[in-house]
Amino acid sequence: MHLAPHTLRRVVSAATVALLATAVGCAPQPEETSAAKPTGTAGATCAKGKLATRTSGKLTIATDEPAYEPWFKDGKPADGKGFESAVAYAVARQLGYDKANVVWQSVPFNKAFAPGVKTFDFDINQVSISTERKKAVDFSSGYYDVRQAVIALKNSKAAKATSIADLKGLKLGAQVGTTSLNYIDDVVKPTQEPAAYAKNDQAKSALQNGQVDAIVVDLPTAFYITAAEVTDAKIVGQFENQGGTPEQFGLVLDKGSALTSCVTTAVDALRKDGTLASIEKQWLSDAVDAPVLK
Amino acid sequence: MTAVKEESGQEDPAGMPDRGDGYVPSQRRIDRERFKRTRARRATSIAALSTLVTGVVLYLVVVSAPGWPRTKETFFNAQYAREAFPKVLEGLWLNVRLLLICGVAVLVLGMLIAIARTLRGPVFFPLRALAAAYTDFFRGLPLIINLMIVVLGVPALRLQGITVDPVLLGGTALTLTYSAYVAEVFRAGIESVHPSQRAAARSLGLTNRQALRYVVLPQAVRRQVPPLLNDLVSLQKDTGLVSIGGAVDAVRAADIIVGRSLNYTPYIVAGLVFVALTIPMTRFTDWVTARMDRQRAQGGTL
């Protein structure tokens, strides 16, 4: 009988563990519900300034840090300068939020599509729309048609390439998680394994150091890099769009977000009335001409 | 009285009913063995039940979480797991090669630094100071910064004959940092050998060097196997950091698929592959340690 208190203690502690686990685990965040319920009206209406945003009355927009030119100026998304900053404010205005009601947030690319509660209403970070990515997040319609370009140092043999075939034997590099890397793998199909960098900055220094022969970035970034950052590099050329459909950047929203259709409508309207074109002309006007690699 | 004396023996007489010496366990002893067995059974069953309950509760908590379907789709997607597995394995080959080569280099360099730090005599002062400075600096310097400097900074010097290969440079950075850690492990081991051992060796006529080689180091190294394995496992995971130079290791291979699909399953695959690599390594060291302990215990346990 002297065993009883011992056993009792075991049972009690086991029960406590179970209870604790239940108590901690069963306090689910009310995540889906608050996102899905627009204030007062039904989900489809996009009443100006009255969307079911994260913070009522404010529009929270996210991008990665650092924010690069020419998409943002001086790494400050909130100043309205740079292509994506301007687009974000134009979309906000279209949705009925003036500049004072836009809140910027820094969200790493890798975190922007994590499941769970989103802290932003939409993310603008040069994210290309693809059917595969659409399984994970919602996209607005495209706000920019993007092309990929190859950069190499001026005096290197890579700079003399005039076709995709000329690139095959080179050591190429790109930022991981970008369509630029997909273009290397799927279009160029180089003989050497491409280098994959965490950030474009590292790809740039690898190019300067001769660790890679050429890097692939999107065309506006390529113009910025060659004009301001790596001035002894040049754009070798740009790729044609794959399969006829242009590659487009889209705003990223939570999967099943109530805002997706409203944001898409806003982007479509901005495209139609020429706002997108004029923003593009203002901030990406350099990005017009580069030889096409076939 | 004889029965009481027999009870204090090491063997289990209940399991050996007849040892040929006519010994019959007493009723008291048989009762006690039975009691011990029931208690062990009871403890095992309670532990099993408790584990089962905890497991079921955890499972139910995770599965009934409101975000579970989405989490399952994002982290445990069979299609992406299948796609990622061969690529992650391909990348892992780089991690394994780095581990083997850097592991050997780290052990050699670490041992040399540790010995330099424990040398006696005023003539060795510069060597001691240098070794101390080395360990202080590289243990303090964050590995990621060390890697950035070596992988991205060294090629920027444009020195003739210095490689620009990110894997070689990354391996160098790993060796620099880890040999500082391992040197400290070795030094602690060397200093843990009681001074009387060295004194005894010297009094037998061994030189300082011989005493270190034949008396101190064999005892020191034996004590260091577990902490050294710890560092080796840590090194194995950190080999992935060479990917900042653009090299595609297992984690970066997963990164590439994650970036394209926005699905995290490849990370899970890469994580499990690393765990699978570590477990045999741990078991192997456990085995080595146990064998060394047995050898040491041959003279009799104290």
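None of the values given here were measured: they were computed from a predicted structure. Lettering follows sequence order; numbering is per chain, from 1.
The shortest heavy-atom contact between A:Pro194 and B:Val248 is O-CG2, 3.7 Å. When all heavy atoms of B:Ile244 and A:Tyr197 are compared, the closest pair comes out as O-CD2, 3.7 Å. Between B:Val151 and A:Gln211, the shortest heavy-atom contact is O-NE2, 3.1 Å.
Not a single donor-acceptor pair under 3.5 Å links the side chain of B:Arg260 to the backbone N or O of A:Asn182. Counting only distance, with no hydrogens or angles, the side chain of B:Arg70 and the backbone of A:Lys255 share no donor-acceptor pair below 3.5 Å. No donor-acceptor distance shorter than 3.5 angstrom exists from the side chain of B:Asp255 to the backbone of A:Val176, with no hydrogens or angles considered. No side-chain donor-acceptor contact under 3.5 Å links A:Glu132 to the backbone of B:Ser261. At least one donor-acceptor pair closer than 3.5 Å links the side chain of A:Arg133 to the backbone N or O of B:Gly259.
In terms of heavy-atom pairs under 4.5 Å with chain A, the best-connected choice from B:Leu157, B:Ile257, B:Val164, B:Val62 is B:Val164. Options A:Ala112, A:Ala206, A:Ala114 differ in how many heavy-atom pairs under 4.5 Å they form with chain B, and the most are formed by A:Ala114.
B:Leu94 CG to A:Glu193 CD: the interatomic distance, rounded to the nearest 0.5 Å, is 8.5 Å. With values rounded to the nearest 0.5 angstrom, A:Asn209 atom CG is found 7.0 Å from B:Leu152 atom CG.
Within a 6.0 Å sphere centred on CZ of B:Phe85, heavy atoms belonging to other residues, nucleotides or ligands number 12 at most. Annotation for A:Lys171: atom NZ counts as buried by contact number, over 12 foreign heavy atoms lying within 6.0 Å. Counting heavy atoms of neighbouring residues, nucleotides and ligands inside a 6.0 Å radius, atom NZ of A:Lys168 exceeds 12 of them. Around atom CH2 of B:Trp68, more than 12 heavy atoms belonging to other residues, nucleotides or ligands sit under 6.0 Å away. Within a 6.0 Å sphere centred on CD of A:Gln192, other residues, nucleotides and ligands contribute more than 12 heavy atoms.
For B:Leu169, the part lying under 4.5 angstrom from a heavy atom of chain A is the side chain only. No part of A:Val127 comes within reach of chain B, as not one of its non-hydrogen atoms sits under 4.5 angstrom from that chain.
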